[in-house]
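In what follows, chains carry the letters A, B, and so on, assigned in the order in which the sequence lines appear, proteins first and then strands, with residues in each chain numbered from 1.
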Number of protein chains: 2
Amino acid sequence: MKIAEVASQTGLPAKTIRYYEEIGLIHPDRHANGYRDFSESHLHKLAFLGRARSLGFSIEECRALMALYEDRDRASADVKVIAQEHLGAIDSKISELQAMRQTLAHLVSCCAGDDRPNCPILADLAGTTTPMRTTSHDKEKLSAA
Amino acid sequence: MKIAEVASQTGLPAKTIRYYEEIGLIHPDRHANGYRDFSESHLHKLAFLGRARSLGFSIEECRALMALYEDRDRASADVKVIAQEHLGAIDSKISELQAMRQTLAHLVSCCAGDDRPNCPILADLAGTTTPMRTTSHDKEKLSAA
DNA sequence: GATAAAGGCTCCCGTGACGGGAAGGTCAAG
DNA sequence: CTTGACCTTCCCGTCACGGGAGCCTTTATC
């Protein structure tokens, strides 16, 4: 199978598939003319990678998950640990975004949005508002794991 | 004022401050010896940038916000548009993450996490489960604005 | 058989927003 | 006079690819 068909079957761009080979996630064969030759097994792995990526796993996490997937003697605990850590990272990210969202939504609701220059959004960013800013989005950033 | 003091006062790393100068967000003076010389005004701008960045605005959005901030004849509507678009982007991101979170949390809860190899997480990624996957995390990705 | 379009290949640069570190100049203290 | 703390510029690395150049092969058409 040539790369274009694999791309259409997996939904992954050809560029991405070549990249996955380059970083050693897959090892397709080669035709005599140099073209990559993918088997059903490669198709399967690429679909696996695509789904893992769509769940937000990093490339390195995908590599680890693939290795576990191919290890018949794996412990499901090892998989679960990776998934749980990723889940924690997602939760951190969501919290961070929700904090931003709250502050920003508040500021937006306070802004007249007309042709006058007075703007509470800029006032907040400039720090010229009285020190009762709703959420402390200044200072230390919550270092996500 | 030298860069280390500005860094400690704004909470921004010196590297970041130099970067902001390089991309034209600030224009500090120079001492005869080549050292950067920051005024209160520069400090103020950097604090503005730091707060805008902490709300998730991109550098280019920050540049636009700075320009509006320094424009006495701005319309608050222009500021509001930028903030609202960013708010929309944040909401998209949150939705995307929450979709991932839901799928992932479900899979994690289904995984025994012991030393046996059977693992519903890997089964889902491999697509070997019956086609009743909870959330459709495969196929098209919701293209965030 | 000639040609053109389509698809394959490699290689290199760009992204966003910096961080790390090298190599070297400057300045205050001891 | 030397040590050490700052400052400077410059360049590479990040993460996961995307865009495009330049070239080769296959397939379809004339």
- Item | Where at least one partner belongs to residues 100-109 of chain B, residue pairs that pass salt bridge (Lys or Arg N to Asp or Glu O under 4.0 Å), sequence neighbours excluded |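 Every pair satisfying salt bridge (Lys or Arg N to Asp or Glu O under 4.0 Å) with a residue in residues 100-109 of chain B: Asp91(A)-Arg101(B).
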
- Mind checking whether Leu104(B) and Val81(A) sit in one hydrophobic cluster, side chains of I, L, V, M, F, W, Y counted as touching below 4.5 Å?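 No, no single cluster joins them.
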
- Looking at dG19(C), does its base get a donor-acceptor pair with the side chain of Tyr19(B) below 3.5 Å?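 In this structure, the two groups form no donor-acceptor pair.
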
- Message: Side chains of Glu5(A) and Gln9(A) only: does a donor on one sit below 3.5 Å from an acceptor on the other?
- Response: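 Side-chain D/A pair, Glu5(A) to Gln9(A): present.
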
[X] has an atom [atom1]; how far is it from atom [atom2] of [N], in whole Å?
X	N	atom1	atom2	value
Tyr35(B)	dC7(D)	OH	C1'	4 Å
Met1(B)	dC6(D)	CE	P	16 Å
Ile3(B)	dC6(D)	CD1	C1'	11 Å
Phe38(A)	dG7(C)	CZ	C1'	14 Å
Leu46(A)	dC17(D)	CG	P	12 Å
Asp37(A)	dT25(D)	CG	P	18 Å
Arg18(A)	dG7(C)	CZ	P	12 Å

From C-beta outward on [X], which listed nucleotide comes closest to its side chain: [options]?
X	options	value
Lys15(B)	dC11(D), dC9(C), dA16(D)	dC11(D)
Thr16(A)	dC17(D), dG19(C), dC9(C)	dC17(D)
Pro13(B)	dG19(C), dC9(C), dC7(D)	dG19(C)

- Contact list for DNA chain C against residues 57-67 of chain A - heavy-atom distance below 4.0 Å: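 Correct list: empty, so none.
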
- Under 4.0 Å from any atom of DNA chain D, heavy atoms only: list the residues of residues 21-34 of chain B that qualify, in numerical order.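 Only Arg30(B), Gly34(B) qualify.
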
- Is a salt bridge present between Glu21(A) and Arg30(A), judged by a nitrogen-to-oxygen distance below 4.0 Å?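 Salt bridge present between Glu21(A) and Arg30(A).
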
- Item | Side-chain ion pair, Glu60(B) and Arg63(B), N-O less than 4.0 Å |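 Counted as a salt bridge, because a side-chain N and a carboxylate O are separated by less than 4.0 Å.
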
- Task: Only counting residues at least two apart or in another chain, list the ones meeting side-chain hydrogen bond (donor to acceptor under 3.5 Å, both in side chains) with Arg116(B).
- Result: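 Arg116(B) satisfies side-chain hydrogen bond (donor to acceptor under 3.5 Å, both in side chains) with Asp114(B) once adjacent residues are dropped.
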
- Task: Using the test side-chain hydrogen bond (donor to acceptor under 3.5 Å, both in side chains), find all partners of Lys45(A) that sit at least two apart in sequence or belong to another chain.
- Result: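 Testing Lys45(A) for side-chain hydrogen bond (donor to acceptor under 3.5 Å, both in side chains), a comparison that skips the adjacent residues, returns Glu70(A).
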
- Query: Do Thr16(B) and Leu46(B) have side chains that get closer than 4.5 Å, going by heavy atoms?
  - Reply: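 Heavy-atom side-chain distance check fails, nothing below 4.5 Å.
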
- Under 4.0 Å between a side-chain N or O of Arg53(A) and OP1 or OP2 of dC17(D)?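 Result: yes.
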
- Task: Kindly say if Tyr20(B) contacts the phosphate of dC18(C), meaning a side-chain N or O under 4.0 Å from OP1 or OP2.
- Result: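 It does, given that an N or O in the side chain of Tyr20(B) lies less than 4.0 Å from OP1 or OP2 of dC18(C).
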
- Return the angle between end axes of the helix from dG1(C)-dC30(D) to dG30(C)-dC1(D), with five pairs used per end and rounding to 10°.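 Axis-to-axis angle, ends of the helix: 30°.
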
- Task: Test Ile26(B) against Ile17(B) for side-chain contact (heavy atoms from CB on, under 4.5 Å), laying out the working first.
- Result: CA-CA 8 Å; Ile26(B) 52 168; Ile17(B) 297 171; 4.0 Å; yes

- Item | Polar side-chain atom of Arg51(B) near backbone of Leu125(A) as donor-acceptor pair, under 3.5 Å |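 Side chain of Arg51(B) to backbone of Leu125(A): a pair is present.
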
- Item | Atom of Leu55(B), atom of Ile90(B) and distance for their closest heavy-atom approach |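 Minimum heavy-atom contact is O-CD1, 4.1 Å.
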
- Query: In Å, rounded to the nearest 0.5 Å, how long is the span from CD1 of Ile3(A) to OG1 of Thr10(A)?
  - Reply: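 Atom-to-atom, Ile3(A):CD1 and Thr10(A):OG1 are 9.0 Å apart.
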
- Message: Under 4.0 Å, heavy atoms only, any strand: does Arg36(A) hit a base, just the sugar-phosphate, or nothing?
- Response: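 The answer is sugar-phosphate, as Arg36(A) gets under 4.0 Å only of primed atoms, P, OP1 or OP2.
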
